[in-house]
Amino acid sequence: MRCLNGGLPFIYKNNLNFIQCNRENFCGERMILQFKEKVSEASYKKQKIHEEYPELTEKQVEALNWTNKVFKHVQKYFESEALDNGYRGISKDIAKEFIVDFKNEKFVAFLFSKMEPLLGKDYSKNEWMCKRNLVFPVYGQDNNVDRILLRSSIEPNIEPKEIQLIVNPSKETRDFFISLPNQSKTLVITEAVLDGLSFREIDPSVGFIALTGSAKTRNIKDFISRKKRLFQDKDIVLAMDDDVAGWRANAEIMTALEENDIFHYQIFLYPNGITDSNELLNENRVGFKEKFHQVKQSFNQNSRDLIDVEHDAETVVICNSRLDAVSFKAIDSNVGVVALENNRGNRCAEITEFILENEQLLRGKQIVGAFPDNLDREFKNVTNVIKALDLEYRQFDYPNQAEPPYVKNLYDFLRRNDREFKRKFLETLSAFEKRDKKMARGKEFFR
């Protein structure tokens, strides 16, 4: 190696850490060498955890690093009878990417003993906890385990069926799973990871985000706001459970999407009696696949309608928007809803056409109209058609949007005043009962 001025090679001078040009008086180029010990990969990862989470103790860093390694090792090298045979209808290759099977109680106890510094409690002597051999790790953006969900194949009927533990006590941990293959055009958002994996089972290319509970929507809403570009080029399918909590989660996510100008989403509707996608996968795999194909096709048709009316629904609410419709499902999941948002032309004409085409389906049901005051006059023609068909109809008392609390939609009203929303809906339904009683008294009078 020559100096910058073309001199002879550098030479050492007494100190191996200090070298200078051989032409010292002419060039004066010199440098100091520092030698560092080679750092192993394991030491590097521990050091990185320490730098990212300085609040963690040495033992906690050691435990988190060990946990990251052991989960990957078990997934890659250990056989699993529970997963190999198809867990909850999900094939081995898909399941093993997201589930770690610690096989037996002794192995689970060993896991808990090693993770004790992170969990703040030693579960290794707890027989009830050690039966939970199936671990679903939730990884943060840094690829460290943030939390774990625990289930059991040793005792499948153990209650509760799922337990969550936070693994990194130094931060607010991620509470949703995310898997987005590069080729994913469709993104499904589900209430649980098994539901997300059920969609992956029928469509290997689908991406999914799975919550760790219907109430845990805050973090995913923040994620949508921060990563809106990720969602803007996807066809988004909302597939929460068909119950009040699931519909409320749907409404929360719909609100977050629309606040970020993301409107290309559809709601996955389950057949009557089915509450989630994993149940549908096990009950009717072929039907599930066909249903999902139909939902994906609806994006090509730019459909924004939401029609969910079961034959056994007692009440059907005709709404101004999908978000309004979902608000009613969020207080009574059995209610039928109709929201025509495609804007093909005259909204009143569309609703009238729907009523005429579905007269037999609607007959015998309590029909409720839920429209803002500024649209009330437009829907006079609709109510006239309903009366002409002799269908039972009542108008929901929609909050006045020009007066406090200035609600944007019915879900906004529901979030602000849950009890008042329910009271208004019950009052609407009670009007049907009063009418029935009045008619019954009239019939009795003429007997």
Side-chain angles (χ1 to χ4, degrees), residues 40-78 80 82-83 87 90 94-103 107-124 126 129-153 160-180 190 192-194 196-197 200 207-213 216 218-220 222-223 227:
S40 68
E41 185 180 358
S43 298
Y44 171 75
K45 286 182 177 178
K46 280 168 54 180
Q47 183 181 334
K48 204 166 185 321
I49 294 172
H50 232 323
E51 290 172 357
E52 289 181 358
Y53 307 110
E55 300 91 345
L56 294 179
T57 65
E58 192 64 43
K59 285 186 177 180
Q60 288 173 327
V61 169
E62 193 80 45
L64 182 56
N65 188 49
W66 181 87
T67 301
N68 290 333
K69 288 191 299 183
V70 78
F71 283 175
K72 298 295 185 186
H73 184 83
V74 173
Q75 281 176 302
K76 188 172 182 178
Y77 296 109
F78 282 37
S80 167
L83 304 183
Y87 179 66
I90 298 165
I94 291 174
K96 288 198 81 169
E97 188 179 346
F98 296 88
I99 309 173
V100 189
D101 184 4
F102 282 86
K103 301 172 73 73
F107 199 2
V108 178
F110 175 67
L111 170 70
F112 281 140
S113 67
K114 296 289 285 185
M115 293 181 69
E116 188 272 333
L118 296 169
L119 304 177
K121 188 173 180 180
D122 185 3
Y123 293 104
S124 63
N126 186 320
M129 286 290 284
C130 289
K131 290 183 185 296
R132 299 174 185 278
N133 59 303
L134 299 179
V135 181
F136 299 74
V138 180
Y139 291 92
Q141 197 168 350
D142 53 11
N143 289 321
N144 291 310
V145 181
D146 267 8
R147 70 172 65 211
I148 55 175
L149 280 60
L150 303 166
R151 286 177 173 252
S152 176
S153 66
K161 64 181 179 182
E162 184 175 282
I163 288 177
Q164 297 186 33
L165 297 175
I166 291 175
V167 173
N168 189 338
S170 70
K171 67 167 188 166
E172 183 177 5
T173 57
R174 177 175 281 183
D175 55 7
F176 59 88
F177 297 83
I178 181 167
S179 176
L180 287 175
T190 68
V193 64
L194 287 173
L197 295 179
R200 177 67 57 82
F208 71 83
I209 292 176
L211 308 187
T212 54
K216 295 182 177 177
R218 183 175 62 84
N219 282 349
I220 184 62
D222 291 343
F223 185 76
K227 304 284 187 179

Between Asn133 (side chain) and Val108 (backbone), is there a donor-acceptor pair under 3.5 Å?
no
To the nearest 0.5 angstrom, please state how far the CG atom of Leu134 sits from the OH atom of Tyr87.
5.0 Å
Inter-residue atom distance Phe223.CZ - Phe176.CZ, 0.5 Å rounding
5.0 Å
Hey, are Lys48 and Asp142 close enough for a salt bridge, meaning a charged N less than 4.0 Å from a carboxylate O?
no
Of Ile99, Leu149, Leu111, Leu165, which is the lone residue that meets side-chain contact (heavy atoms from CB on, under 4.5 Å) with Val135?
Leu111
Under a 3.5 Å distance rule, please check whether Arg151 uses its side chain to pair with a backbone N or O of Lys161 as donor and acceptor.
no
Any donor-acceptor pair under 3.5 Å from Ser170 side chain to Leu56 backbone
no
Okay, side chain of Gln75, backbone of Lys96: is any donor-acceptor separation there less than 3.5 Å?
yes
Given the side-chain rings of Phe71 and Tyr139, with only the six-membered ring counted for Trp, is the space between their centroids under 6.0 Å?
no
Donor-acceptor pair, distance only, cut-off 3.5 Å: does the side chain of Thr212 make one with the backbone of Asp175?
yes
Contact summary for Ser152 and Lys131, nearest pair of heavy atoms
OG-O, 2.7 Å
Once you round to the nearest 0.5 Å, how far does CZ of Phe110 lie from OG of Ser124?
11.0 Å
Output for pair (Lys59 NZ, Leu64 CG), nearest 0.5 Å, gives 16.0 Å
Ile209 CD1 to Thr190 OG1 distance, which is reported to the nearest 0.5 Å
9.5 Å
Derivation of the side chain to side chain contact (heavy atoms under 4.5 Å, CB included) call for Val74 and Lys103
CA-CA 10 Å; Val74 173; Lys103 301 172 73 73; over 6 Å; no
Please report the shortest heavy-atom distance between Thr173 and Ile166, naming the atom on each side.
CG2-CG2, 3.6 Å
Going by the angle between their ring planes, with limits at 30° and 60°, are Phe98 and Phe208 parallel, tilted or perpendicular?
tilted
Check the pair Asn126, Lys121 against side chain to side chain contact (heavy atoms under 4.5 Å, CB included), reporting the backbone distance first and the verdict last.
CA-CA 11 Å; Asn126 186 320; Lys121 188 173 180 180; 5.9 Å; no
Determine whether more than 12 heavy atoms belonging to other residues, nucleotides or ligands lie under 6.0 Å from atom CD of Glu55.
yes
Can you list the residues that meet the salt bridge (charged side-chain N to carboxylate O under 4.0 Å, His left out) rule with Glu97, with sequence neighbours excluded?
none
Gln164 versus Lys216: any side-chain heavy-atom pair under 4.5 Å?
yes
Check for a donor-acceptor pair, side chain of Asn68 on one end and backbone N or O of Val145 on the other, with a separation under 3.5 Å.
yes
Atom CG in Asn144, atom CZ in Arg174: separation rounded to 0.5 Å?
11.5 Å
Taking C-beta and beyond as the side chain, do Glu172 and Asn219 meet within less than 4.5 Å on heavy atoms?
yes
Against Lys46, only a single residue in Glu51, Glu62, Glu58 fulfils side-chain hydrogen bond (donor to acceptor under 3.5 Å, both in side chains); can you say which?
Glu62
Scan residues 110-119 for pairs that pass side-chain hydrogen bond (donor to acceptor under 3.5 Å, both in side chains), counting only residues two or more places apart or in two chains.
none
